[in-house]
Amino acid sequence: MIDLTGRRAIVTGGAAGIGRATATLFAELGAQVVIADLDAEQGEHTAKEIGATFIRCDVASRADCEAVVAAAVELHGGVDVLFNNAGIIRRSTVCEITDADWDLVMAVNVRSVMVLSGLVIPLMAANGGGSIVNTGSGWGIKGGERAASYCASKGAVVNLTRAMAIDHGPQGIRVNCVCPGDTATGMLAEEARQLGASVDSFYSDAADRPLGRIGQPLDIARTVAFLASEAAAFVSGAVLAVDGAGTA
Ligand code: NAD
């Protein structure tokens, strides 16, 4: 049922982690994939491996986002699926975080969703519709410790998803949010580093949830592929936790 044959997709943050797993699965399911990421070395590597196109892009830059969409149109003639996934975390309280870090987290995690979606929606609408999936987080649904900017940004992504689903449903565009729990990627290791914790103990603490393990990138990718596909034809405005019942 989950088939993306001929679907033209953009995956942000597709060089590594959840984005990489999703770009890979999209390609396996028949999609034509553009990977947009800050990390050119890893991005080129992933794109080559899966037969996608890599475009270097800082999603915090409107000019970079415009260039990615223009490249996708030139290469594939349009965009049917947008996975707004690039994200960063700063593990700090409001007393600790700098204005610059706050603004960066908001620009990468939230403003990019507005910018890229705003560029892609007219193309999707002209083509009869499309699917946008945004990456939220369990910490977009509930709060978390020493992650004020991240929690604020992911809460914004969750409700921005609903607003976009309402505004653009009449154009045939579905907008959904996937909310991963702790998932084995570079981000989790980066969090351990920022908190001065060992990666191993961080991973084992994160496995303390009803399904008894942390997430794997493929767990999230499968959900995103479902949301991107026609199997989810009547799913829009949904906020779907993929976290082994962590937020339950
Ligand atoms: P990751 O660090 O493994 O991958 C993130 C990717 O985004 C990297 O390839 C990085 O180069 C890219 N990126 C970062 N800043 C960028 C920018 N400004 N422009 C373009 N690309 C940029 O992390 P991940 O765990 O795969 O995270 C993917 C998404 O999942 C993020 O939105 C994150 O907040 C969310 N998430 C992750 C977890 C987790 O436990 N790993 C949990 C909940 C939500």
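In each ligand, atom 1 is the first atom listed, and ligand 1 is the first ligand listed. Along the sequence shown, the residues carry numbers beginning at 1.
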task = Kindly identify the option in Cys57, Gly144, Gly19 whose heavy atom sits closest to atom 20 (C) of ligand 1.
result = Cys57
message = What protein heavy atom lies closest to atom 21 (N) of ligand 1? Include the residue and the distance to one decimal.
response = Leu38 N, 3.3 Å
query = Is the shortest distance from a Lys or Arg side-chain nitrogen in Arg146 or Glu96 to a carboxylate oxygen in the other one below 4.0 Å?
reply = yes
query = Which ligand 1 atoms, with their elements, are less than 4.0 angstrom from a heavy-atom of Gly17?
reply = 3 (O), 26 (O)
query = Do Leu123 and Val34 sit in the same hydrophobic cluster, where Ile, Leu, Val, Met, Phe, Trp and Tyr count as joined when their side-chain heavy atoms come under 4.5 Å apart?
reply = yes
query = Will you find, in the side chains of Asp3 and Thr5, an N or O donor that is under 3.5 Å from an N or O acceptor?
reply = yes
ask   = For Gly181, is the nearest heavy atom under 4.0 Å from an atom of ligand 1?
value = yes
request  = Determine whether the side chains of Ser204 and Ser201 contain a donor N or O and an acceptor N or O closer than 3.5 Å.
outcome  = no
key: Nearest-option assignment for atom 32 (O) of ligand 1, heavy atoms, candidates Asn85, Ile35, Asp182, Val108   = Asn85
inquiry  = Would you call the rings of Phe83 and Phe26 parallel, tilted or perpendicular, taking 30° and 60° as the class edges?
reply    = tilted
note = Looking at Ile220, Ile88, Asp37, Val105, the heavy atom closest to atom 14 (C) of ligand 1 belongs to Ile88
message = So which atom in Ser112 and which in Val59 form the shortest heavy-atom distance, rounded to 0.1 Å?
response = CB-O, 3.3 Å
note = Within 4.0 Å of some non-hydrogen atom of Ala16, the atoms of ligand 1 are 4 (O), 9 (O)
inquiry  = With a 4.5 Å cut-off on side-chain heavy-atom distances among I, L, V, M, F, W and Y, is there a chain of contacts connecting Val133 to Leu29?
reply    = yes
request  = For Gly186, counting its heavy atoms only, list the atoms of ligand 1 lying under 4.0 Å from any of them.
outcome  = 3 (O)
message = Please check whether Gly14 reaches ligand 1 - meaning an N/O of the residue sits under 3.5 Å from an N/O of the ligand, judged on distance alone.
response = no
request  = Return yes or no for this condition: an N or O of Leu188 is under 3.5 Å from an N or O of ligand 1.
outcome  = no
task = Name the closest protein heavy atom to atom 7 (O) of ligand 1, giving the residue it belongs to and the distance to 0.1 Å.
result = Gly13 CA, 3.4 Å
query = Does Asn127 reach the main-chain N or O of Gly129 with its side chain, forming a donor-acceptor pair under 3.5 Å?
reply = no
message = Looking at ligand 1, is there an atom of it that comes within less than 4.0 Å of some heavy atom belonging to Gly136?
response = yes
message = Return the closest protein heavy atom for atom 43 (C) of ligand 1 as residue, atom name and distance.
response = Pro180 O, 3.2 Å
query = Atom CZ of Arg111 and atom CZ of Arg62: how far apart are they, to the nearest 0.5 Å?
reply = 8.5 Å
task = Tell me which protein heavy atom sits closest to atom 39 (C) of ligand 1, plus the residue, atom name and distance to 0.1 Å.
result = Thr183 N, 3.5 Å
key: Atom CD of Glu41 with >12 non-hydrogen neighbours under 6.0 angstrom   = no
request  = Could you tell me whether Tyr150 approaches ligand 1 through its side chain, its backbone, both or neither, with non-hydrogen atoms closer than 4.0 Å?
outcome  = side chain
message = Tell me whether Thr185 has any N or O atom under 3.5 angstrom from an N or O of ligand 1.
response = yes
ask   = For Thr135, is at least one N or O under 3.5 Å away from an N or O on ligand 1?
value = no
task = Specify side chain, backbone, both or neither for Ser112, according to which of its non-hydrogen atoms lie closer than 4.0 Å to ligand 1.
result = neither
query = Considering only heavy atoms, which of Val59, Val242, Asp243, Asp39 lies nearest to atom 17 (C) of ligand 1?
reply = Val59
query = Backbone or side chain, does any N or O of Asp58 fall under 3.5 Å from an N or O of ligand 1?
reply = yes
inquiry  = Tell me whether Thr12 reaches ligand 1 (any heavy atom closer than 4.0 angstrom to a ligand atom).
reply    = no
message = Assess whether a salt bridge exists between Asp182 and Arg209, defined as any Lys/Arg side-chain N lying under 4.0 Å from an Asp/Glu carboxylate O.
response = yes
key: Heavy-atom gap Lys154 to ligand 1 smaller than 4.0 Å   = yes
key: Residue selection (non-hydrogen contact nearest atom 37 (C) of ligand 1) among Arg20, Glu41, Met187   = Met187
query = Do Arg213 and Asp208 meet the salt-bridge criterion of a basic N to acidic O distance under 4.0 Å?
reply = no
request  = Can you pull out the closest protein heavy atom to atom 26 (O) of ligand 1? Residue, atom name and distance to 0.1 Å, please.
outcome  = Ile18 N, 2.8 Å
ask   = Under 3.5 Å, is there a donor-acceptor pair between the Thr161 and Asn134 side chains?
value = yes
key: Distance in Å, His45 NE2 paired with Ile35 CD1, rounded so as to fall on 0.5 Å steps   = 10.5 Å
note = Within 4.0 Å of some non-hydrogen atom of Ala15, the atoms of ligand 1 are 9 (O)
ask   = Which heavy atom of the protein is the closest neighbour of atom 5 (C) of ligand 1, given with residue, atom name and distance?
value = Gly87 O, 4.2 Å
Gap separating the CG atom of Leu75 from the CZ atom of Arg8, nearest 0.5 angstrom = 11.5 Å
